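What follows is a short report on a single structure.
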Amino acid sequence: MSRSLIVDAFSGAAGDMLLAALIDAGASVETLKKCAASIPALAKVRVDVESVRRGAFAAKKLSVTLPHEHAHRGLSDISKIIDSATSLSPGVRTRAKATFERLAAAEAKVHGTSVEEIHFHEVGALDAILDIVGFFVLAESLDVDSFYYTHLAVGAGGSIQGAHGEMPVPAPATLELLAGHRVTLSERREELVTPTAAAIIAAAFKPLPLDASWVPERVGYGAGTRESPGMPNVVRVALGVVDDGAAQSANEISVIRCTIDNMNPELYGDLMQRLFEEGALEVYFTHVMMKKNRPGTEITVLCDNSECDRISTLVLTHTTTLGLRVARERRVELTRRIETIETELGPARVKVATRPDGTESISPEYESCREIAQKTGLTTGAVFDAVRRAWLRR
């Protein structure tokens, strides 16, 4: 079990709606404002939240006031903006960049060009950058460590006007981003899921198994600007505990393996980073002896079953292997959760595992400890020790 965020986009979703729903579920709007203030390009952005009604639902609505701009940014431009932030954790930075990389790949495929040549229009604007970075900042502030969705309702037919002219609904980039995901069609002939929301979902979310058990703790509703007939224009999120043991499919993973004896060793680091950014659960390399007594490397990648084809394609693209072995294996995990505890050096995140006998053990989160070490000048090992001492004093 883990602290999870479950998105129910029964009436669609947009980036600002997801942020508003997280705030309604308990995230602080001040956290979002501090996030914007820490990014020079967003320093003049004003963020406000109001309580509204959409149909029968009370919800939060986000209002973002932006400076006037005509920028059409490329992926490298957006990466520089994200890197300029002074307060983002490495996890948020990585997820935000991966989300824009998904967007760039989708746009490039739709328009028949390369990722390097893509210039974002609507999704390169400052509000889209705030939506994507802010989403992961708020999720982190709520100690979310896994992301699921139940429904993704998309419009069936109709058209919208964008920077490239009139386009069908769902927008081409949205449909490309949601390829491989479980969507439901709505009778409403209007855009329900925006490319920004689709990119966030594609980068971080997986479908909640239909027979999974989950316990909602807090629920939030985020409202869109449009007042639509029929189903109210809101997205629902729930913070809670997902029991991965309730469904066998949630415990099954794909294990992808291949052996290589003819690849430049310098390329393995790049491969590992790409695999983790694309959602691999684990990646490791093992030294092996291959035929003709050649030293080689076995690459092993663990991923969700739903990601197997995409991860396999990535391995086949970025290595010299001529083929892969794929197996389905059942994974047995301890119940665990992420907590933030106060230490003598400030707040730190820890992973708490519950053993079969009911006792608990902790593992300090590396990135959290590394950040504290950089701020204090201590070694990361010393910070680990301080975190463990703080846990024992609780």
Side-chain angles (χ1 to χ4, degrees), residues 14-16 18-19 32 35-45 47 64-137 160-168 170-179 191 193-204 267 269-271 273-279 310 313-314 317-318:
D16 61 329
L18 290 170
L19 290 179
L32 184 59
C35 166
S38 75
I39 303 174
L42 301 180
K44 296 183 179 180
V45 170
V47 178
V64 178
T65 305
L66 301 162
H68 186 68
E69 63 164 4
H70 292 284
H72 289 170
R73 300 179 175 89
L75 182 60
S76 62
D77 300 318
I78 293 174
S79 293
K80 290 176 183 176
I81 290 175
I82 294 172
D83 284 335
S84 72
T86 58
S87 65
L88 300 185
S89 71
V92 167
R93 204 181 300 270
T94 297
R95 286 188 182 275
K97 286 184 177 182
T99 302
F100 275 106
E101 287 167 5
R102 289 288 186 93
L103 265 170
E107 294 278 3
K109 183 174 181 181
V110 167
H111 298 297
T113 184
S114 68
V115 169
E116 292 75 18
E117 293 173 321
I118 279 293
H119 277 76
F120 297 117
H121 298 278
E122 292 93 343
V123 295
L126 295 178
D127 54 344
I129 297 171
L130 178 65
D131 287 347
I132 289 172
V133 176
F135 175 83
F136 292 112
V137 166
I160 56 172
Q161 286 292 331
H164 297 284
E166 188 174 7
M167 295 183 293
T174 296
L175 198 57
E176 182 65 34
L177 285 160
L178 295 180
E191 184 179 41
V193 177
T194 66
T196 301
I200 292 171
I201 290 166
L267 301 180
D270 174 67
L271 173 66
Q273 181 177 345
R274 289 176 183 270
L275 288 167
F276 278 125
E277 288 177 351
E278 288 299 314
R310 190 167 55 80
T313 299
L314 193 150
T317 301
H318 292 280

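Treat the numbers as computed from the prediction; the structure is a model and nothing was measured.
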Distance col, row Leu19:CG vs Leu130:CG, nearest 0.5 angstrom, shows 6.5 Å

Mind checking whether Val137 and Leu32 have side chains closer than 4.5 Å, heavy atoms only? no

When rounded to the nearest 0.5 angstrom, what is the spacing between CZ in Phe100 and CD1 in Ile78? 4.5 Å

Where Ala14 and Thr194 come nearest, the two heavy atoms and their spacing: CA-OG1, 3.5 Å

Using the side chain to side chain contact (heavy atoms under 4.5 Å, CB included) rule, take Asp16 and Asp127 through it: C-alpha gap first, then chi angles, then the decisive distance, then the call. CA-CA 8 Å; Asp16 61 329; Asp127 54 344; over 6 Å; no

Do the side chains of Ile132 and Thr196 get nearer than 4.5 Å, heavy atoms only? yes

Please report the closest heavy-atom contact between Ser84 and Ile39, naming both atoms and the distance. OG-CG2, 4.0 Å

Out of curiosity, Gln273 CD to His318 NE2, how far, rounded to the nearest 0.5 Å? 11.5 Å

Scanning both residues in full, the closest heavy-atom pair of Ala41 with Leu126 reads O-CD1, 3.6 Å

Closest heavy-atom pair, Ala98 versus Glu277, reported as atoms and distance to 0.1 Å, is CB-O, 3.8 Å

Quick one: are Asp83 and Lys97 in side-chain contact, heavy atoms under 4.5 Å? yes

Phe276 vs Thr94 side-chain heavy atoms within contact, under 4.5 Å: no

Donor-acceptor pair, side chain of Asp77 and main chain of Gly74, under 3.5 angstrom: yes

Full working for side chain to side chain contact (heavy atoms under 4.5 Å, CB included) between Val133 and Leu42: CA-CA 11 Å; Val133 176; Leu42 301 180; 5.9 Å; no

Any Leu177 side-chain heavy atom under 4.5 Å of Val193 side chain: no

Taking all non-hydrogen atoms of both residues into account, name the closest pair between Ser38 and Pro40 and its distance. O-CD, 3.6 Å

Closest non-hydrogen atom pair between Ile82 and Ala96, with its separation: CD1-CB, 3.9 Å

I want to check something: taking the side chain as every heavy atom from C-beta on, are Thr99 and Phe136 in contact at a cut-off of under 4.5 Å? yes

Side chains of Leu314 and Leu275, heavy atoms from C-beta outward: is any pair under 4.5 Å? yes

When you measure from the side chain of Arg95 to the backbone of Ala203, do you find a donor-acceptor pair of N or O atoms at a distance under 3.5 Å? no

